[in-house]
Number of protein chains: 2
Amino acid sequence: MSEQSTLRMTRQRRAILEAVRAARVHPTADEVYAKVRGALPRVSLGTVYRNLEELARRGLISKIEVGGTQRRYDGETVEHCHVRCLTCGHVEDAEVDGVDLQKAGASRIPGYVVVGCAVEVMGYCPRCVMAGHAESARRS
Amino acid sequence: MSEQSTLRMTRQRRAILEAVRAARVHPTADEVYAKVRGALPRVSLGTVYRNLEELARRGLISKIEVGGTQRRYDGETVEHCHVRCLTCGHVEDAEVDGVDLQKAGASRIPGYVVVGCAVEVMGYCPRCVMAGHAESARRS
DNA sequence: CTAGCTGCAAAGTGTTTGCGGCTTA
DNA sequence: TAAGCCGCAAACACTTTGCAGCTAG
């Protein structure tokens, strides 16, 4: 449908892609930035944002479509469910009961063209529970 | 667990609560701001943000925990599923197949304290489909 | 009367973009 | 070589916050 110009695999782009793929949690732009800086100290945050967006558009990584204040990315492009900690914001994969993502993503909604489905469980992660943050005000 | 000071039902707060409850779609802070200004031209955006947050904290409305760049609120406090238009960002309620929210919100995830679950279907709304925006680049 | 709220304006956070020079294919 | 990228810094969009005066209970 639309022309895609050729993707050049620059050092920066490769490092960014690796950083997202290697992350055990689903990183925000600055987490990626911090990691990439280890190898390439002069990268700019702008480059990180541009590339995360570009890589997601090409389907090499995916943008996580869930709540929270910062955007997060995921090296896994197959749809799956996430848990998000309401205190610290960390996101990781989760097994969620009672959900058939296949079916959900194929829901017919009158008038809409449906392209996918995101499921997110909210809660408090082990680290925050231990630190006693679970009882405090809900943030997002 | 924590002291809640008394909630004063000011004109502004009431108008904001009404605006969220009356909205057919799930409004962002500035949509609420625009609506409330009709009745109270001197309200400030800060007041709207403060109250949306406070009302959500008290459970009078709920904060929608899904993707997109702006935060959205919902007059309905019972958990249910949403559709979000990837072009214009509008969010509304949806019936989603293959999802048991009760079960999902009760998932046991090792180490986590789970408090809820959000399900969001992504797609293109009727208006945007008609306008031909459905094929264009994915935004969030 | 006074704890709690408001309007205003300034400050924060996270993300995007214009530009001139550099690099990958 | 040239289309595509990069680093930088300035601009943006959305949200939060400090303050001094106002108001519901």
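The sequence lines fix the lettering, A, B, ..., with proteins before strands; numbering per chain opens at 1. All heavy atoms count here, side chains included; hydrogens, waters and symmetry mates do not. Here the structure is a predicted model, which is why all the values come from computation and not from measurement.
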Both B:Ala29 and B:Arg11 contact DNA chain D. Which one's nearest nucleotide lies toward the 5' end? B:Ala29

Do A:Glu92 and B:Tyr112 have side-chain N/O donor and acceptor atoms under 3.5 Å apart? yes

Among A:Arg21, A:His82, A:Glu65, A:Lys63, find the residue that satisfies the side-chain contact (heavy atoms from CB on, under 4.5 Å) test when tested with A:Asp74. A:His82

Do the side chain of B:Ser107 and the main chain of A:Asp97 share a donor and acceptor less than 3.5 angstrom apart? yes

Atom OH of A:Tyr49 and atom C1' of D:dC6: how far apart are they, to the nearest Å? 17 Å

Which part of the nucleic acid, if any, lies within contact of A:Thr6, taking any heavy atom under 4.0 Å across all strands shown: a base, the sugar-phosphate backbone alone, or nothing? sugar-phosphate

Is any side-chain nitrogen or oxygen of A:Ser44 closer than 4.0 Å to OP1 or OP2 of D:dC6? no

With nearest nucleotide decided by heavy atoms, which residue, A:Thr47 or B:Thr47, maps closer to the 5′ end of DNA chain D? A:Thr47

Selection from C:dC8, D:dC14, C:dC5 that lies nearest to any side-chain heavy atom of B:Arg42: C:dC8

Between P on C:dG14 and NZ on A:Lys63, what's the gap in Å once rounded to a whole number? 17 Å

Euclidean distance, atom CD of residue A:Gln70 to atom C1' of D:dA13 [Å, nearest integer]: 15 Å

Would you confirm whether B:Arg72, through its side chain, and B:His26, through its main-chain N or O, come within 3.5 Å as a donor-acceptor pair? yes

N/O (side chain, A:Thr69) to phosphate O (OP1/OP2, C:dT13) under 4.0 Å: no

Atom-pair distance (CZ on A:Arg14; C1' on C:dT23), nearest Å: 13 Å

Between CD of A:Glu53 and P of D:dC6 the distance, given in whole Å, is 14 Å

Any sub-3.5 Å donor-acceptor pair from B:Ser62's side-chain atoms to B:Glu76's backbone N or O? yes

Give A:Asn51 one of three labels, base, sugar-phosphate or nothing, depending on what nucleic acid heavy atoms sit under 4.0 Å from its own. sugar-phosphate

Between atom OH in B:Tyr33 and atom P in D:dT16, what is the gap in whole Å? 16 Å

Look at the side chain of B:Arg8 against the base of D:dG25 and say whether a donor-acceptor pair falls under 3.5 Å; ignore hydrogens and angles. no

Phosphate oxygens OP1/OP2 of C:dT23: is one of them under 4.0 Å from a side-chain N or O of A:Gln12? no

Listed nucleotide nearest any side-chain atom of B:Val43, set C:dG7, D:dT15, D:dC8: C:dG7

A:Arg71 side-chain proximity, nearest of C:dT16, D:dC14, C:dC5: C:dT16

Less than 3.5 Å apart, any donor N or O on the side chain of B:Tyr73 or B:Glu53 sitting next to an acceptor on the other? yes

Roughly how many Å is it from CD in A:Glu54 to P in D:dC5, rounded to a whole number? 7 Å

Of all the nucleotides listed (D:dT23, C:dG14, D:dC19), which has the minimum atom distance to the side chain of B:Arg50? D:dC19

Atom-pair distance (CG on B:Asp30; C1' on D:dA13), nearest Å: 10 Å

Under 4.0 Å: is that the gap between some side-chain N or O of A:Arg13 and OP1 or OP2 of D:dC5? yes

